[in-house]
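Ligands are counted one by one from 1 in listed order, and the atoms in each one are counted from 1 as well. The figures that follow rest on heavy atoms only: side chains count, while hydrogens, waters and symmetry mates do not.
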Amino acid sequence: MTPVVVVGAGPVGLSAALALRARDLPVLLLEADPEDRERPGSRALFVHRETLALLDAMRPGLAGEITSYGRTWHTRRTLYRGREVYSRTFPPSSGRPPFTSLRQVDTERFLRAACERAGVDFGWNARVIGVRSTASGVSLSCADGREVTCGHVIAADGARSAVRAGLGIPMEGTHGEGFHVVVDVADRPGAELPLERVFHYEHPGAGGRSVMRVPFTGGFQVDLQCHAGDRAEDFGTEEAVRRWLPVVVGEGYEDHADRILWVSTYRFLRKVAASFTDPHERVLLAGEAAHLFPPFGARGMNSGIADAAAAAEAVATGAVAGFAAARRAAALFNSEAAGIALDHLRPRRRIVRLRQRAAAALAPVLPSCGSWLEHAPYGPRTGVPVPAGGKY
Ligand SMILES: Cc1cc2nc3c(=O)[nH]c(=O)nc-3n(C[C@H](O)[C@H](O)[C@H](O)COP(=O)(O)OP(=O)(O)OC[C@H]3O[C@@H](n4cnc5c(N)ncnc54)[C@H](O)[C@@H]3O)c2cc1C
C-alpha cells in the first residue's frame, strides 16, 4: 500500500508531494492530465516571501531558483481617473525579496522539476472519480480503471475537486457580482514597460472601469474590472481586448495583436469547504479543493502552498484534526480579508465610492489618503487576528 497519494499536480499538489518527500515519505501523485499538458495563462503571479520560505524548507535552493527567474518590482503606483494619487519606490531588500512575480505555469515548472529530483512517483492520465475512506485507509478509483489504496490522501484537485465531492463535503460562501477580464501581454523587446505595479481607479480610457497592471517575467498581466451591466462578449473576447487594451497600456502597444498571450474572464468567488478532512481523518483537502478566494491579495496559491506544507506535516505526525482546524481557520480569515477587499473594489454602498473620490481629491495634501487608495484593493494582511496555523 502506498503511504500517501496526492491528487492533482497544480502548484498545491506539487508542493504537497515535495513536502512529503522532504519527510522521506514515498508519494504517488495522480494527475488527470497527460504528462505533456500545456497549462494556460499567467494566473497566480505573486509568490510571497513566506511561501518562498516554505518551498525552500521542502527543497533547499528552490526559492533561489524561483526568485532568480521571477521579477520583483520596487515601485507601486495608484491613479484615480487619470491622475496619480500614490507612487512609492522601495529600496531593494537585502536577502530574500518580499515577493517574486512569475507566471503560475513557470512556478509549476520549477516545482515539477524539484518533485522529479526528489523522487516523486507521477501517475499521469489518472483522473480520480471515486474515493472511499475507512478507519484503516483510503481507496481511490480512476477513470481508466486503476484502483489505488493508501494510508492518506492529500486532495489538491482544484476548484471542482472530485475527491471533495466524493466525500460529500460542501463548499460554503458567496460569489460576487460582475466579472473581470484578465489578459497576458508579452513584453515588446527593447520597449518594455517600467517595472512597476499600477492600479488605476475608474480609468477614463476604459469607460471608468478600474484596471490593474502587474509585471511578470516576459510580460505583464492586465486586469479589467467590468461594470455590473457589462457583457463578457463586449470585453472578454480577444477581439474586444484588441479594442480596449491599447488605451489602457499606452504607447508601443498599439500594434499588439501578436502580443496578446491569453484572455480569460473570472468572477469573484469566496468559498470555504465545510471541513478540511473526512470523518476518518484520512483525506486532507488543500488549495482550491478546500477554498476559493478572489485573486486580489494573492491569497489563492500562497495559502494553498501553506496548506500543502501543513498537510504533509499532519500526515507525518498524525495530527490531521489539528491540520483541518488550523487551515480552515486560516481560510476563513483569508475569506474575510478578501471580502473587505471586495467591498472596496465593488462597493455595494454609494458612500464607499464617494469616500474614494474624496480620498483621491485629498491625496496631494494628505498622503495617507493616497496610501489608503493604494492598499485597500487587496484587503488587510494584518490587523485581524491571524489564526493558529499560519498567515495564509
Ligand atoms: C486570474 C487569476 C489570477 C490569480 N492570481 C493569483 C495570485 O496572484 N496569487 C495567488 O496566490 N493565487 C492567484 N490565483 C489563484 C490560483 O491560480 C489558484 O489558487 C491555484 O491555481 C490553485 O492551485 P491548486 O493546485 O489548488 O489547483 P489547480 O491549479 O486547479 O490544480 C488542480 C490540479 O488537479 C488536477 N485535477 C483536477 N481534477 C482531478 C481529478 N479528478 N483527478 C486527478 N487530477 C485532477 C488538475 O488537472 C490540476 O492539475 C489566481 C487565479 C486566477 C484565475
Worksheet, complete the sentence: Which of Phe99, Phe216, Phe90 passes ring-ring contact (aromatic ring centres under 6.0 Å, His included) with Trp73? It is Phe99

Worksheet item: Quick one: does Pro11 get a heavy atom under 4.0 Å from ligand 1?
Response: yes

Practice prompt. Would you mind listing which atoms of ligand 1 come within a distance below 4.0 Å of any non-hydrogen atom of Arg37?
Written response: 47 (O), 48 (C), 49 (O)

Discussion item. Just to be sure I read this right, does ligand 1 sit under 4.0 Å from the backbone of Val163, its side chain, both, or neither, counting only heavy atoms?
Written reply: neither

Worksheet item: Using the ring of each side chain (for Trp, its six-membered ring), is Phe199 parallel, tilted or perpendicular to Tyr378, with breaks at 30° and 60°?
Response: perpendicular

Worksheet item: For ligand 1, which part of Ala156 has a heavy atom less than 4.0 Å away: the side chain, the backbone, both, or neither?
Response: backbone

Discussion item. If the threshold is 4.0 Å, N to carboxylate O, is there a salt bridge linking Arg117 and Glu65?
Written reply: yes

Discussion item. Could you tell me, atom by atom, which parts of ligand 1 come under 4.0 Å of a heavy atom of Asn302?
Written reply: 11 (O)

Practice prompt. Please determine, by modelled atom types, if Ser275 and Thr277 share a side-chain donor-acceptor pair under 3.5 angstrom.
Written response: no

Worksheet item: Would His48 count as a contact of ligand 1 if the rule is a heavy atom under 4.0 Å away?
Response: no

Worksheet item: Where the closest heavy atom to atom 47 (O) of ligand 1 is concerned, which of Met301, Gln221, Glu31, Gln104 has it?
Response: Glu31

Worksheet entry | Residue Arg88 excluded, over 12 heavy atoms near CZ under 6.0 Å | no

Worksheet, complete the sentence: protein heavy-atom neighbour closest to atom 44 (N) of ligand 1 works out as Ala32 N, 3.1 Å

Discussion item. Could you check whether any heavy atom of Ala126 sits closer than 4.0 Å to an atom of ligand 1, since that is the contact criterion I want to use?
Written reply: yes

Discussion item. Please report the interatomic distance CG(Leu111) to CD(Gln104), rounded to the nearest 0.5 Å.
Written reply: 9.5 Å

Discussion item. Just to confirm my output: which protein heavy-atom neighbour is closest to atom 34 (O) of ligand 1, and how far is it?
Written reply: Gly8 CA, 3.2 Å

Response to the item:
Note: heavy atom closest to atom 9 (N) of ligand 1, options Gly123, Gly166, Ala298, belongs to Ala298

Discussion item. Please check: side-chain N/O of Arg282 versus main-chain N/O of Gly151, any donor-acceptor pairing under 3.5 Å?
Written reply: yes

Fill in: Numbered atoms of ligand 1 (with element) below 4.0 Å of Ala162, judged on heavy atoms
41 (N)

Worksheet item: For Glu196 and Thr75, does a side-chain donor sit closer than 3.5 Å to a side-chain acceptor?
Response: no

Worksheet item: For Pro347, does its backbone N or O pair with a side-chain atom of Asp343 as donor and acceptor, under 3.5 Å?
Response: no

Item to complete: Identify the protein heavy atom lying closest to atom 42 (N) of ligand 1, giving its residue, its atom name and the separation to 0.1 Å.
Response: Val128 N, 3.0 Å

Worksheet entry | Basic-acidic side-chain contact under 4.0 Å: Arg209, Asp230 | yes

Worksheet entry | atom 13 (C) of ligand 1 - nearest protein heavy atom and its distance | Ala44 CB, 3.2 Å

Worksheet, complete the sentence: Note: ligand 1 atoms sitting under 4.0 Å from heavy atoms of Val7 are 42 (N), 43 (C)

Worksheet entry | Side-chain heavy-atom pair Arg197, Phe220 within 4.5 angstrom cut-off | no

Practice prompt. Could you tell me whether Arg37 and Glu31 have a side-chain N and a carboxylate O separated by less than 4.0 Å?
Written response: yes

Practice prompt. Would you mind finding which of Gly158, Ala159, Ser101, Ala16 brings a heavy atom closest to atom 27 (O) of ligand 1?
Written response: Gly158

Worksheet item: Out of Ala308, Pro295, Ala9, whose heavy atom sits nearest atom 4 (C) of ligand 1?
Response: Pro295

Response to the item:
of all protein heavy atoms, closest to atom 39 (C) of ligand 1 is Asp157 CB, 3.7 Å

Worksheet item: Going by the atom numbers of ligand 1, which of them fall below 4.0 Å from some non-hydrogen atom of Val12?
Response: 23 (O), 24 (P), 25 (O), 26 (O)

Worksheet item: Taking atom 26 (O) of ligand 1 as the point of reference, which of Glu288, Arg267, His291, Arg127 owns the nearest heavy atom?
Response: Glu288

Item to complete: Examine Trp262 against ligand 1 and note whether any of their N/O atoms are separated by less than 3.5 Å.
Response: no

Response to the item:
Ranked by distance from atom 51 (C) of ligand 1, the top protein heavy atom is Arg43 CB, 4.3 Å

Worksheet item: When you check the gap from the basic side-chain N to the acidic O, do Arg328 and Glu172 get nearer than 4.0 Å?
Response: yes

Worksheet item: Short list, please: which atoms of ligand 1 are under 4.0 Å from a heavy atom of Asp33?
Response: 47 (O)

Discussion item. For ligand 1 and Leu45, I'd like to know whether there is a polar contact (N/O to N/O, distance under 3.5 Å).
Written reply: yes

Worksheet item: What is the nearest protein non-hydrogen atom to atom 31 (O) of ligand 1, stated with its residue, atom name and distance?
Response: Gly10 CA, 3.5 Å

Item to complete: Pick whichever of Arg160, Arg299, Arg39 has a heavy atom sitting closest to atom 28 (P) of ligand 1.
Response: Arg39

Item to complete: Mark up the atoms of ligand 1 that fall under 4.0 Å of a heavy atom belonging to Gly300, in ascending order.
Response: 10 (C), 11 (O), 12 (N), 19 (O)

Item to complete: Output the list of atoms in ligand 1 that are nearer than 4.0 Å to some heavy atom of Gly287, sorted by atom number.
Response: 26 (O)

Discussion item. Counting C-beta onward and ignoring hydrogens, is there a side-chain heavy-atom pair between Pro215 and Ser101 closer than 4.5 Å?
Written reply: no

Worksheet entry | Between CD on residue Glu374 and CH2 on residue Trp372, distance to nearest 0.5 Å | 13.0 Å

Worksheet item: How are the rings of Phe268 and His180 set to each other: parallel, tilted or perpendicular (split at 30° and 60°)?
Response: parallel

Discussion item. Any salt bridge linking Asp56 with Arg96? Criterion: basic side-chain nitrogen under 4.0 Å from a carboxylate oxygen.
Written reply: yes

Practice prompt. May I ask whether His180 places a heavy atom under 4.0 Å from ligand 1?
Written response: no

